[in-house]
2 protein chains.
Amino acid sequence: MSGKDSSTATPTPRPRQTRSIRTRARLLEAAASVVRADGVTGMTLERVAETAGVSKGGLLYHFGSKRELVLAMVDETLASAGDDLEQLAARDPGPGAFARAYLDYVRSGERSESDEAASVFAAATLEPDGLASAGATFGAWQERLRTDDGVDDTVALLARVVGDGLWLIDLFGLAPPDQAGRAAVCDLVTSMLDSAEQ
Amino acid sequence: MSGKDSSTATPTPRPRQTRSIRTRARLLEAAASVVRADGVTGMTLERVAETAGVSKGGLLYHFGSKRELVLAMVDETLASAGDDLEQLAARDPGPGAFARAYLDYVRSGERSESDEAASVFAAATLEPDGLASAGATFGAWQERLRTDDGVDDTVALLARVVGDGLWLIDLFGLAPPDQAGRAAVCDLVTSMLDSAEQ
DNA sequence: GAAACTGTACCGTCCGGACGGTTTCTTATT
DNA sequence: AATAAGAAACCGTCCGGACGGTACAGTTTC
């Protein structure tokens with residue numbers, strides 16, 4: 001995960017909590033990596049703790065139950081993606097910035113984050129409503145796409161569907177298109193975005 | 001699952017030939033319904049068997065292991081979707097038939113199969129490579145889209161991404177767009193398909 | 001002195017799979 | 001037509017093992 005510090009770092013460092021948060025982050029990361037390596041069924045509390053270099057008791061100190069851990073994985077991943085999105089949109093003034101960011105985010109199909117996100121998504125299926133908050137987040141993004149941007153509703157929705165589609169295709173390894181193809185598609189939709197301003 | 005037993009005299013009212021494959025299908029269906037109800041973790045062999053009205057031994061007669069069952073679920077669902085797609089494309093002669101079928105398939109979003117497909121997809125994550133064959137199938141569809149249709153490559157890919165995107169968004173309940181929006185998007189891409197023939 | 005852990009022991013549950021037995025259908029032979 | 005033989009379909013139970021979670025007494029770090 002990258003680009004986590006959205007705001008300026010606190011002037012006074014917190015040595016106390018730094019350790020806790022770092023362990024927490026390590027646990028989250030370890031959980032994703034375990035899922036990626038051994039599948040959802042292989043993600044046991046014991047193995048996650050071991051991978052993170054923490055005892056099982058230590059894990060349960062941070063996450064009271066497996067469910068809590070899984071839900072935190074989803075929230076964390078989505079929040080990180082949201083930050084990246086905002087950051088991308090921020091340096092592109094003008095209408096359709098968020099939609100363009102949405103497409104830029106999936107244009108290259110970089111592997112590193114995608115793999116981890118896939119694991120998280122898979123883990124979310126462990127809990128019946130594990131994707132509930134994910135649905136809410138996607139809904140918020142769609143709303144942002146529709147209202148915050150001065151583009152035609154249909155084209156905005158198209159951008160969202162293409163962005164999500166590419167992202168999910170990557171996530172599950174459903175025969176992702178090659179670099180050239182995905183770039184061409186993103187460019188096509190971006191050009192529609194620009195010419196459909198209103 | 002007790003059907004009508006209107007037979008009064010004939011002791012053999014039903015041909016028992018298809019008993020095996022019927023039980024198999026029932027097991028597959030039961031598995032999906034269990035996942036939908038209780039989540040991936042709730043899908044145990046015992047519960048699937050019970051839901052299908054079969055003993056656990058009977059289940060294991062048809063599927064040697066849980067892995068086999070899960071893989072069969074994926075294959076079955078994908079094959080079914082592929083059939084629907086072909087059927088849709090068959091009654092639309094002319095270039096871009098498959099691409100249009102791809103979009104028509106997800107246009108309404110009222111697919112009752114969607115629920116079941118979601119469960120199957122979730123179950124596939126139980127096995128590390130549970131989605132391998134799914135990836136292959138999607139790749140084949142993409143290739144069919146690219147070669148079999150007389151449309152521009154980029155637009156064909158766009159159709160695929162939009163189709164998959166809508167489908168996956170529905171599958172995971174990631175804030176699916178409303179009827180009007182999705183129809184508009186599908187119409188838009190379809191019109192691009194028609195005007196981009198070559 | 002409190003937060004942030006470690007380490008171990010343990011419990012109740014439940015799961016996947018094996019296995020031996022039982023019923024139902026098909027086929028061959030007489 | 002009868003029946004023996006055998007395969008296919010299915011039942012019911014048992015077991016080793018692992019998992020999630022609890023409890024708690026110690027230890028390090030700030």
Side-chain angles (χ1 to χ4, degrees), chain A residues 10 12-31 34-35 37-73 123-128 130, chain B residues 1-2 5 7 10-31 34-35 37-73 122-128 130:
Chain A
T10 324
T12 53
R14 301 266 184 90
R16 239 329 184 32
Q17 296 201 348
T18 298
R19 178 153 187 115
S20 156
I21 290 176
R22 193 170 281 181
T23 300
R24 199 189 134 96
R26 265 214 330 273
L27 282 165
L28 254 12
E29 199 177 329
V34 167
V35 172
D38 304 321
V40 176
T41 51
M43 189 189 117
T44 70
L45 295 185
E46 228 150 4
R47 198 171 319 201
V48 170
E50 183 193 349
T51 303
V54 176
S55 71
K56 190 178 169 182
L59 191 163
L60 286 164
Y61 176 80
H62 286 280
F63 306 97
S65 69
K66 188 172 191 178
R67 179 185 168 81
E68 256 183 53
L69 172 62
V70 169
L71 262 37
M73 287 170 76
T125 63
L126 279 172
E127 303 292 335
Chain B
M1 288 305 175
S2 63
D5 198 0
S7 64
T10 35
T12 57
R14 234 173 302 274
R16 287 302 200 166
Q17 307 164 324
T18 57
R19 174 160 202 174
S20 159
I21 67 169
R22 191 171 284 184
T23 299
R24 199 187 133 96
R26 258 204 347 260
L27 283 165
L28 253 13
E29 199 178 327
V34 167
V35 172
D38 304 321
V40 176
T41 51
M43 189 188 112
T44 71
L45 296 186
E46 222 150 9
R47 199 169 313 197
V48 171
E50 183 192 349
T51 303
V54 177
S55 72
K56 193 173 169 183
L59 190 163
L60 285 164
Y61 174 81
H62 287 279
F63 306 97
S65 69
K66 189 172 189 178
R67 179 186 167 79
E68 257 183 53
L69 172 64
V70 169
L71 263 38
M73 286 170 76
T125 63
L126 279 173
E127 303 292 333

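Values in this document were obtained by computation on a predicted structure and should not be read as measured data. In what follows, chains carry the letters A, B, and so on, assigned in the order in which the sequence lines appear, proteins first and then strands, with residues in each chain numbered from 1.
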Between A/T23 and A/V54, is a side-chain contact (heavy atoms from CB on, under 4.5 Å) present by the stated rule, with each step listed? CA-CA 8 Å; A/T23 300; A/V54 176; 3.9 Å; yes
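Look at B/Y61 and you won't find any side-chain N or O under 4.0 angstrom from OP1 or OP2 of D/dC10. Between B/H62 and the phosphate of D/dC10, there is a side-chain N or O to OP1/OP2 separation shorter than 4.0 Å.
For A/V70 against A/A123, the heavy-atom pair with the smallest separation is CG1-O, 3.4 Å. The two atoms that bring B/F63 and B/R24 nearest to each other are CE2-NH1, 3.5 Å, heavy atoms only. Across every non-hydrogen atom of A/V35 and A/M43, the tightest pair is CG2-SD, 3.3 Å. Taking every heavy atom of both residues into account, A/A72 and A/L28 meet most closely at CB-CD1, 4.2 Å.
In this structure, the CG atom of B/L27 is 13 Å from the P atom of D/dA9, given to the nearest Å. Rounded to an integer number of Å, the gap from CZ of A/F63 to C1' of C/dC5 is 14 Å. At whole-Å resolution of the value, CZ in B/R67 and P in C/dG17 are 11 Å apart. Between A/L69 atom CG and D/dG20 atom P the separation is 10 Å, expressed in whole Å. Taking atom CZ of residue A/R47 and atom C1' of nucleotide D/dG17, one finds them 14 Å apart after rounding to whole Å. A straight line from CZ of B/R22 to P of D/dC10 spans 12 Å, rounded to a whole angstrom. At whole-Å resolution of the value, CG in A/D38 and C1' in D/dC19 are 15 Å apart.
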Between protein and nucleic acid, restricted to nucleotides 11-14 of chain D and to nitrogen or oxygen atoms under 3.5 Å apart, what atom pairs and distances do you find?
from: D/dC11; atom 1: OP2; to: B/S55; atom 2: N; distance (Å): 2.7
from: D/dC11; atom 1: OP2; to: B/S55; atom 2: OG; distance (Å): 2.9
from: D/dC11; atom 1: O5'; to: B/S55; atom 2: OG; distance (Å): 3.3

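Distance from the side chain of B/T23 is smallest to D/dC10 among C/dG17, D/dC10, D/dG21.
Counting heavy atoms from C-beta on, the side chains of B/V48 and B/L59 come closer than 4.5 Å.
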